[in-house]
2 protein chains.
Amino acid sequence: MPPRKRATITDVAAAAGVAASTVSRAFTHPGRVNVHTREHVLAVAEELGYAPNPAARALESGRTRTLALLVPDITNPYFAGVIKGAERGAAAAGLTLVLGDTAENPAQEAQLVRRLGPAVDGFVLSASRLPDEELRRAADLNPIALVNRATPGLACVVADFDSGTRQIVDHLASLGHHSLVFLGGPPESWSGARRWAGLRAAAEERGLGATRFGPYVPALAGGAAAADAAIAAGATAVVAHNDMLAIGVMLRLAERGVDVPGDVSVVGFDNIVGADFCNPPLTTLAERTEEAGARAVEAVAAQVLSRTDDPPTRVLPTQLVVRRSSGPVPG
Amino acid sequence: MPPRKRATITDVAAAAGVAASTVSRAFTHPGRVNVHTREHVLAVAEELGYAPNPAARALESGRTRTLALLVPDITNPYFAGVIKGAERGAAAAGLTLVLGDTAENPAQEAQLVRRLGPAVDGFVLSASRLPDEELRRAADLNPIALVNRATPGLACVVADFDSGTRQIVDHLASLGHHSLVFLGGPPESWSGARRWAGLRAAAEERGLGATRFGPYVPALAGGAAAADAAIAAGATAVVAHNDMLAIGVMLRLAERGVDVPGDVSVVGFDNIVGADFCNPPLTTLAERTEEAGARAVEAVAAQVLSRTDDPPTRVLPTQLVVRRSSGPVPG
DNA sequence: CTGAAAGCGCTAACAG
DNA sequence: CTGTTAGCGCTTTCAG
């Protein structure tokens with residue numbers, strides 16, 4: 001019981017009594033075929049359930065009309081938005097999206113880039129862990145757009161962390177806090193570095209103290225160690241690398257009888273699903289992740305059409321979502 | 001500034017001083033090549049950065065070594081596990097996974113199946129909204145595996161809702177509840193139907209009353225209407241279509257001053273990220289979503305190798321995760 | 001406007 | 001064990 005064989009261009013040609021090249025033209029250059037023959041060909045094709053074979057097209061043209069999106073962890077809710085946006089952008093452009101999970105592992109990322117390379121027209125790399133040098137080498141073979149990572153010479157879509165971190169610091173300052181503690185994530189994280197740099201600069205500007213602790217695992221499980229460190233340091237305001245860590249911190253604080261926001265204010269990054277229903281609901285910096293995914297796809301698609309040596313960097317606005325986890329400084 | 005041209009098998013052959021077919025064999029049938037020449041070929045290939053062109057392979061073999069996974073909504077945390085599992089399963093089998101979002105829309109799903117059909121070896125359809133008839137027609141052209149949907153003649157991976165719902169009912173019964181209210185989701189949902197059928201049967205068996213309300217939007221936003229209906233009915237235990245709805249219900253109950261689990265016990269389905277840190281943490285039926293994704297990929301892959309007219313249905317165990325949202329009947 | 005023929009990169013016969 | 005040859009399905013010259 002073999003799968004029914006698909007009709008090929010030759011089958012259609014035979015059934016329509018024309019040459020294969022005419023069938024091909026009827027589909028790809030409708031203008032260059034007699035209206036009458038074209039309609040006949042299309043009718044026969046429809047009847048045979050003919051659909052062009054993308055592999056054959058790709059072989060000839062070198063274009064697969066496919067893009068790959070690589071993310072460090074598919075289950076991380078932060079990337080869900082990027083994936084959705086990329087999916088939407090690809091669909092809008094008639095492109096197919098291939099999804100890869102790099103397991104936060106640079107080697108795996110490199111391998112995927114290599115393996116998928118010949119099968120796709122370009123890559124969207126979200127939160128890439130690859131060194132700049134390697135990214136540029138890969139970009140030499142395939143157009144690449146980066147999400148939340150900036151590498152000179154490559155197309156990038158990044159969140160406006162400068163503005164975002166300033167919003168956070170202003171918010172805490174207006175609540176009377178005199179200092180903040182940043183609970184850091186993975187040291188290789190480009191976003192993490194930008195977040196800390198922004199916080200520190202904005203804090204200095206505002207006359208607030210800023211200290212970095214960590215690195216911590218950017219997940220619920222990392223919260224206990226991070227919270228304990230913050231308590232020991234007598235922090236009144238903590239800003240966590242991301243929402244999962246922030247929520248983990250709040251869980252631990254509750255366990256240790258520390259009130260949020262009464263004793264300590266907690267702020268996160270990402271505004272993931274759940275930041276709205278954790279307890280208390282989390283104040284966090286929202287990024288436009290869907291837009292980032294869509295823009296990155298656009299950028300790659302543009303590069304596929306015409307290579308430029310200086311592709312654009314796009315900065316997307318961020319906004320602080322104030323919820324109940326942040327409040328006035330105690331005392 | 002055109003992209004650097006990729007090395008082909010011919011380039012490698014020339015550089016290594018062998019025939020193209022030898023290079024091909026060195027990769028695909030390592031045993032049929034002299035160890036010495038093979039190592040030389042592989043070294044040259046490595047140096048040239050050669051990677052086989054999947055399109056060319058596909059053209060020749062008719063196999064694309066690619067599977068498509070279609071889900072109703074990529075951002076729904078429930079599907080994150082399925083996606084991850086499918087990704088992992090595909091990677092383990094050396095297959096590439098294409099991801100499609102059907103936007104909960106049968107027409108869009110059908111279109112994706114048609115467009116992607118010639119480009120992939122098979123489909124994993126998660127929570128498909130397509131009618132049985134159309135699924136069977138599609139399965140005629142491409143192997144298909146279904147996740148949480150059963151259609152005779154197709155490979156299926158489903159959660160054991162019979163056992164799961166019995167666990168829920170037993171749990172509530174042991175807490176002294178005499179009846180439960182089911183807050184239903186979309187009427188077309190196969191899982192939803194199975195969940196209600198299971199609850200009702202188990203409740204009857206146990207001598208509990210069971211009523212269904214709804215349908216509600218299976219999201220946080222659906223919670224208000226669902227909660228209000230449950231309160232009006234004087235329910236002591238509610239079981240929601242999924243965790244998002246359950247959490248939405250708890251949010252609304254808190255707003256109305258109804259204590260969970262003091263006044264009402266709440267149970268969900270899915271055990272999504274967030275069920276552990278909402279307030280109170282949610283009692284819910286966990287499915288093995290990652291395993292489901294991986295198994296479905298396996299099933300498709302098996303069908304690609306050898307078609308059978310009666311593919312297997314796999315039932316995966318479910319387990320009740322008891323947290324603090326469920327408690328003794330009041331009074 | 002249409003047909004014939006060449007080849008995209010690769011693999012599977014078939015010789016040697 | 002390895003080279004030669006013939007396509008896979010499609011697009012694209014190039015003639016007609």
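Within every chain, numbering begins at 1; the chains are lettered A, B, ... in the order of the sequence lines, protein sequences first and strands thereafter.
Helix bend of the helix from C:dC1-D:dG16 to C:dG16-D:dC1: the angle between its two end axes, each built from five pairs, comes to 40° after rounding to 10°.
Residue contacts shown for A:His29 are limited to sugar-phosphate atoms, with no base heavy atom under 4.0 Å away. Within 4.0 Å (heavy atoms only), B:Val23 reaches no atom of the nucleic acid at all. If you check every strand for non-hydrogen atoms under 4.0 Å, A:Ser24 touches a base.
Contact footprint of chain A on DNA chain D: nucleotides with an atom under 4.0 Å from a non-hydrogen protein atom, first to last in 5' to 3' order, D:dG9 to D:dT13. A nucleotide of DNA chain C counts as in contact with chain B when one of its atoms lies under 4.0 Å from a heavy atom; the first and last such, 5' to 3', are C:dG9 to C:dA13.
To the nearest 0.5 Å, the span separating CG on A:Leu125 from CG on A:Leu135 amounts to 6.5 Å.
For the pairing with A:Ser126, the side-chain contact (heavy atoms from CB on, under 4.5 Å) check across A:Leu146, A:Val71, A:Thr289 returns one residue only, A:Val71.
Salt bridge annotation for A:Glu134-A:Arg137: absent, with no cationic side-chain nitrogen under 4.0 angstrom from a carboxylate oxygen. Salt-bridge check for A:Arg88 with A:Glu290: passed, with a basic side-chain N closer than 4.0 Å to an acidic carboxylate O. Between A:Arg114 and B:Glu46, at least one side-chain nitrogen of the basic residue sits less than 4.0 Å from a carboxylate oxygen of the acidic one, meeting the salt-bridge criterion.
Nearest approach of B:Ala86 to B:Leu69, heavy atoms of both residues: CB-CD2, 3.9 Å.
In terms of position on DNA chain D, the residue among B:Asn34 and B:Ala56 whose nearest nucleotide sits closer to the 5' end is B:Asn34.
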